[in-house]
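What follows is a single structure, written as structure tokens, with notes after it.
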Amino acid sequence: FAFTHALCRTPAPSAVNGIRAGGGPDPELAGIMAEHAAYVAALRELGLTVDVLPPLDAFPDALFVEDVALTFAEGAILLRPGAPSRAGEAAHIRAALAERHGRVLELAGPGHVDGGDVLRLADRVIIGLSDRTDRAGAETLTALLGDLGYRAQIAQTPPGVLHFKTGCGLIDDRTVLAVPAMRDCPEFAGLEVVLTPMGEEGAANILRVRDTVLIGARWLATQALLAARGVPFRALPTDQIARIDAGLSCMSLRW
Ligand code: CIR
């Protein structure tokens with residue numbers, strides 16, 4: 001969690017057309033912009049150096065930079081996002097990664113991995129198979145992570161959960177907040193699993209940065225749960241990005 005840097009991308013006007021699984025109300029651009037700005041400001045206030053890349057109007061989901069790459073102190077990995085409309089995003093972040101990382105590895109085809117399916121723990125990295133991340137991609141990524149010195153485990157994202165991290169996020173090194181559908185995830189063995197309260201499944205995509213957990217502002221019961229555990233947290237608005245199936249981890253790459 002001891003990140004010093006983050007990379008984000010300004011939402012383009014097309015962000016309102018980002019992929020979304022369900023119906024629900026349309027997102028509003030002004031709201032998406034405001035939520036993104038609050039997020040960048042929070043990362044800066046937590047002490048990170050945050051660079052913000054220019055918008056990419058041809059790619060509505062490009063503000064969700066987490067899905068196109070992985071960043072570590074040891075180097076970066078350029079991914080192959082699984083949604084056809086997002087495939088082209090990776091090329092647009094390659095130069096920015098090369099400027100900031102000594103090594104940039106690339107996931108070779110034919111497999112796909114979205115960074116939202118990758119959960120980094122203290123001792124290993126979990127890669128969740130999902131509608132976006134397939135086994136070929138997960139196996140290729142396992143080898144690349146090995147090159148950077150990380151051990152990977154391949155897990156299953158439950159049906160109906162977009163990304164592995166849509167359904168879980170780390171509170172600390174030994175504690176994961178997870179939706180009930182992920183309670184028995186075998187890869188969580190050895191961790192304490194704290195379940196999202198009823199009706200707050202959307203809260204699971206928390207993001208721990210240094211000592212603070214970032215959490216969506218509307219998830220009051222989950223905030224109470226963190227408070228009761230003595231976990232410092234900061235509530236951020238996420239209602240608009242939630243309309244395009246996103247949460248807090250999606251909007252940055254961190255290292
Ligand atoms: C998508 O469906 O790809 C975007 N609308 C949302 C991506 C959210 N990213 C993430 O959870 N890492």
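The analysis underlying the following values was restricted to heavy atoms, covering all of them including side chains, and did not include hydrogens, waters or symmetry mates. For ligands, and for the atoms within them, numbers begin at 1 and follow the listed sequence. Every value quoted in this text rests on a predicted model; they were computed, and no experiment measured them.
For Phe3, there are no ring-ring contact (aromatic ring centres under 6.0 Å, His included) partners at least two apart in sequence or on another chain. For Phe233, the ring-ring contact (aromatic ring centres under 6.0 Å, His included) criterion is met by no residue, not counting sequence neighbours.
Annotation: Leu162 places no N or O atom under 3.5 Å from an N or O atom of ligand 1; distance criterion only. Among the atoms of Gly18, none of the N or O lies under 3.5 angstrom from an N or O of ligand 1. Looking at Asp114 next to ligand 1, no N or O pair under 3.5 Å apart turns up.
Counting only heavy atoms of the protein, atom 4 (C) of ligand 1 lies nearest to Asp61 OD1, 3.1 Å. In this structure, the protein non-hydrogen atom closest to atom 9 (N) of ligand 1 is Asp67 OD2, 2.8 Å.
Judged by distance alone, with hydrogens and angles left aside, the side-chain atoms of Glu66 form no donor-acceptor pair with the main-chain N or O of Met251 at under 3.5 Å. Without hydrogens or angle criteria, Asp67 side chain to Asp114 main chain gives no donor-acceptor distance under 3.5 Å. Judged purely by atom type and a 3.5 angstrom limit, Glu35 has no side-chain atom pairing as donor or acceptor with the backbone of Ala242.
Counting the atoms of ligand 1 from 1 in the order shown, those under 4.0 Å from a heavy atom of Asp245 are 6 (C), 8 (C). Atoms of ligand 1 lying under 4.0 Å from at least one heavy atom of Cys250, given by number and element, are 8 (C), 9 (N), 10 (C), 11 (O), 12 (N). Within ligand 1, the atoms closer than 4.0 Å to a non-hydrogen atom of Ile244 are 4 (C), 5 (N), 6 (C), numbered from 1 in the order shown.
Residues Asp147 and Arg103 approach most closely at O-NH1, 3.5 Å, considering heavy atoms.
The shortest separation from a heavy atom of Arg20 to ligand 1 is not under 4.0 Å, leaving the residue out of contact.
Selection from Arg132, Met251, Arg86 by nearest heavy atom to atom 2 (O) of ligand 1 gives Arg132.
No hydrogens or angles considered: a donor-acceptor pair under 3.5 Å links the side chains of Glu200 and Thr222.
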